[in-house]
A.B. asks: 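Got a structure for you, written out below as structure tokens; questions coming shortly.
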Amino acid sequence: MKKRNTFYFIGILLLVCVAAVAQTPPAKPKVTTQKFTQNDAKHVDMQDADVCVEAGRFYYEQAFKAGSLEEASVLLNQSITLFQRALELRQKNALPSERTVIRHHLSDAFMAAARLFPNDFKTATAYLRKAAEQYEAVIEDCQPVNDRNKETVAEAAYRMAEILFLLNDDKKAVAAAEIAWTNGWGEWEQVMIDRLNDCQRSGTAASDVLPPPSKRATTTSIVLFPLNVLPDMLGEAVCTSCLQGKRSLSWFRGSKPLLGFSVVVAVPIGFAGGLVGGVQEAWRGYPFWNTRSIRMMQGREYPSNAFINGW
């Protein structure tokens, strides 16, 4: 009897344990912003801005690994939705800098989506305009502009100008470039410089703020070329090597001090590039005291790492 009662007791205890386990809800996987995986992506907390941003980045990166345009489009749309949700959550009780980061991600996603439709002008244009709107919102969010946010404003304006040029909206692009210039943006691509110069030369979008277009070769400048070429080459070589060296040394005080050692390579490259740039400046008729590198140092020319620009 004792053994039988013991078996009954053990049996009842096992049944109670099984019932308790069956009624316990399964634990949800934890989503972290450090390691976001495919399994985590299925359980995104739409009330957490940080999680939405990380999930959006995850889908954005997966879109470039997609096996088809359709799959890439779906992943990018998921990424855009998540970034928009994160931005919505950050509209209140968040710093403008936090919203700026999300808007940069969102603009990148819109730009990537636009590239999926090279033959659909209307759809691609719509995505590009949405990308430009994000940078416009960054500028508005940083008003009034001060020393702490002027760099953010300058970058947003520059990126917006790039997109507006893709949309062939030259007047608005030049206006955005003016904001970038007045707020000290210092990394002008040669393609952007050429487009701005073309706008001013053609009168499509005049500007009293931006540097004037560089000269073009004339009969007089060609005749004076033998006189100007050696002084221009020497002056540009010295000034350009100094500019490259200064830029490299500035990294010692920045977040990437190891890049400062690139000064060993930057100075010789700057000297060689200056020799080539001096030939171009002489061909256009600039004297050695008014070459491109000198104009850059005086704030009368776009800061650019390009040694030469369009002839």
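For the single chain, residues carry numbers from 1 onward in sequence order.
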A.B. asks: Which atom names give the shortest non-hydrogen contact between A180 and A154, and what distance separates them?
C.D. replies: CB-O, 3.5 Å
A.B. asks: Any donor-acceptor pair under 3.5 Å linking the side chain of S241 with the backbone of F271?
C.D. replies: no
A.B. asks: Rounded to the nearest 0.5 Å, how far apart are CD1 of I179 and CD of E136?
C.D. replies: 8.5 Å
A.B. asks: Work out which heavy atom in P213 is nearest to a heavy atom in N197; give both atom names and the distance.
C.D. replies: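 In terms of heavy atoms, the two residues are closest at CA-OD1, 3.4 Å.
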A.B. asks: Is it the case that E236 and T291 place a side-chain donor and acceptor less than 3.5 Å from each other?
C.D. replies: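 Result is yes, a qualifying pair exists.
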A.B. asks: To check you understand the geometry: which heavy-atom pair defines the closest contact between A176 and A157, and what is its length?
C.D. replies: O-CB, 3.3 Å
A.B. asks: Kindly say whether A217 contributes a backbone atom to a donor-acceptor pair with the side chain of S221 at under 3.5 angstrom?
C.D. replies: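 No; judged by distance alone, with no hydrogens or angles, the pair does not exist.
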A.B. asks: Checking the side chain of N149 only, and the main-chain atoms of C142 only, is there a donor and an acceptor separated by less than 3.5 Å?
C.D. replies: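 Checked: pair present.
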A.B. asks: Who else is in Y286's hydrophobic cluster (ILVMFWY, side-chain heavy atoms under 4.5 Å, direct or via others)?
C.D. replies: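 Noted: Y286 shares its cluster with no other residue.
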A.B. asks: If you round to the nearest 0.5 Å, how far is CG of N228 from CD1 of I222?
C.D. replies: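 Result: 12.5 Å between the selected atoms.
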A.B. asks: Could you tell me whether the side chain of Q84 reaches within less than 4.5 Å of the side chain of E88, counting heavy atoms only?
C.D. replies: no
A.B. asks: For the pair K130 and E133, find out whether any cationic side-chain nitrogen is under 4.0 Å from an anionic carboxylate oxygen.
C.D. replies: no
A.B. asks: In terms of hydrophobic clustering (I, L, V, M, F, W, Y; side-chain heavy atoms under 4.5 Å; direct or indirect links), are F288 and L227 co-clustered?
C.D. replies: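 No, F288 does not connect to L227 through the hydrophobic network.
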A.B. asks: Report yes if the side chains of M46 and C52 come closer than 4.5 Å at any heavy-atom pair, otherwise no.
C.D. replies: yes
A.B. asks: Tell me whether V191 is reachable from L166 by hopping between hydrophobic residues (I, L, V, M, F, W, Y) whose side-chain heavy atoms are closer than 4.5 Å.
C.D. replies: no
A.B. asks: Under a 4.5 Å cut-off applied to non-hydrogen side-chain atoms, are I163 and S107 in contact?
C.D. replies: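 Sidechains of S107 and I163: in contact.
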A.B. asks: Establish whether L89 and V51 are linked, either directly or via other cluster members, by ILVMFWY side-chain heavy-atom contacts under 4.5 Å.
C.D. replies: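 L89 and V51: separate clusters.
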A.B. asks: Any non-hydrogen side-chain atom of T100 less than 4.5 Å from a side-chain atom of E155?
C.D. replies: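 When only atoms from C-beta onward are counted, E155 and T100 do not touch, as no gap falls below 4.5 Å.
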A.B. asks: Report the distance from atom CD of E140 to atom OH of Y135, rounding to the nearest 0.5 Å.
C.D. replies: 15.5 Å
A.B. asks: Count the heavy atoms belonging to other residues, nucleotides or ligands that lie under 6.0 Å from CZ of R195, then report whether that count exceeds 12.
C.D. replies: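 For R195, atom CZ is crowded (more than 12 foreign heavy atoms under 6.0 Å).
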A.B. asks: Decide whether Q200 and S207 meet the rule of one side-chain donor and one side-chain acceptor closer than 3.5 Å.
C.D. replies: no
A.B. asks: Do you see a donor-acceptor pair shorter than 3.5 Å between the side chains of R292 and Q280?
C.D. replies: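 Result is no, nothing qualifies.
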A.B. asks: Quick one: name the residues clustered hydrophobically with Y127, using the 4.5 Å side-chain heavy-atom rule over I, L, V, M, F, W, Y, and just say none if it's on its own.
C.D. replies: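 Members alongside Y127: V53, Y60, F64, L69, L76, I80, F83, L87, I102, L106, F110, L116, F117.
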A.B. asks: Residues sharing L243's hydrophobic cluster, by side-chain heavy-atom contacts under 4.5 Å among ILVMFWY, directly or via others?
C.D. replies: I294, M296, M297
A.B. asks: Using side-chain heavy atoms (C-beta onward) and a distance below 4.5 Å, is R284 in contact with S214?
C.D. replies: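 Result yes, sub-4.5 Å side-chain heavy-atom pair found.
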A.B. asks: Which pair of non-hydrogen atoms, one from S79 and one from G56, has the smallest distance, and what is that distance?
C.D. replies: OG-O, 2.8 Å
A.B. asks: Flag the pair R103 / D141 as yes when at least one side-chain heavy-atom distance between them is below 4.5 Å, and no otherwise.
C.D. replies: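 Yes, at least one pair of side-chain atoms sits under 4.5 Å.
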A.B. asks: In this structure, is the centre-to-centre distance between the rings of W188 and Y158 below 6.0 Å?
C.D. replies: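 Yes, the ring of Y158 comes within the 6.0 Å limit of the ring of W188, centre to centre.
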A.B. asks: Calculate, to the nearest 0.5 Å, the distance between atoms CG and CD belonging to D147 and E151 respectively.
C.D. replies: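 Rounded to the nearest 0.5 Å, the CG-CD separation comes out at 11.5 Å.
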A.B. asks: Identify the heavy atoms of D232 and E281 that sit nearest to each other, and give their distance.
C.D. replies: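 Taking D232 first and E281 second, the nearest heavy atoms are OD2-C, 3.6 Å.
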A.B. asks: Does one hydrophobic cluster hold both F165 and M160, with members joined at side-chain heavy-atom distances below 4.5 Å?
C.D. replies: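 Different clusters.
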A.B. asks: So, the side chain of R85 versus the backbone of A49: is there a donor-acceptor pair under 3.5 Å, distance only?
C.D. replies: no
A.B. asks: Rounded to the nearest 0.5 Å, how far apart are CD of Q298 and OG of S293?
C.D. replies: 9.5 Å
A.B. asks: Test your reading of the model: is there a side-chain donor-acceptor pair from W283 to the backbone of G285, 3.5 Å cut-off?
C.D. replies: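 Answer holds: no.
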A.B. asks: Are more than 12 heavy atoms from other residues, nucleotides or ligands located less than 6.0 Å from atom CD of E71?
C.D. replies: yes
A.B. asks: Within the 4.5 Å heavy-atom criterion, are Y59 and L82 side-chain neighbours or not?
C.D. replies: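 Counting from C-beta outward, Y59 and L82 do come under 4.5 Å.
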A.B. asks: Donor-acceptor pair, T240 side chain versus A237 backbone, under 3.5 Å?
C.D. replies: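 No, the answer is negative, given that no donor and acceptor are paired below the 3.5 Å cut-off.
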A.B. asks: Can you get from V145 to V138 by hopping between Ile, Leu, Val, Met, Phe, Trp and Tyr side chains that sit under 4.5 Å apart?
C.D. replies: no
A.B. asks: Restricting to non-hydrogen atoms, name the atom on V223 and the atom on P226 that form the minimum distance, rounded to 0.1 Å.
C.D. replies: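 Smallest heavy-atom distance, with atoms named: O-CD, 3.3 Å.
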A.B. asks: Are any of the side-chain heavy atoms of P211 and W181 separated by less than 4.5 Å?
C.D. replies: yes
A.B. asks: Roughly how far apart are Q134 CD and D108 CG, rounded to 0.5 Å?
C.D. replies: 10.5 Å
A.B. asks: Does either side chain, that of T220 or that of T218, offer a donor lying less than 3.5 Å from an acceptor on the other one?
C.D. replies: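 T218 and T220 do not have a side-chain donor-acceptor pair below 3.5 Å.
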A.B. asks: Test your reading of the model: is there a side-chain donor-acceptor pair from D169 to the backbone of L164, 3.5 Å cut-off?
C.D. replies: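 Between the backbone of L164 and the side chain of D169 there is no qualifying donor-acceptor contact (under 3.5 Å).
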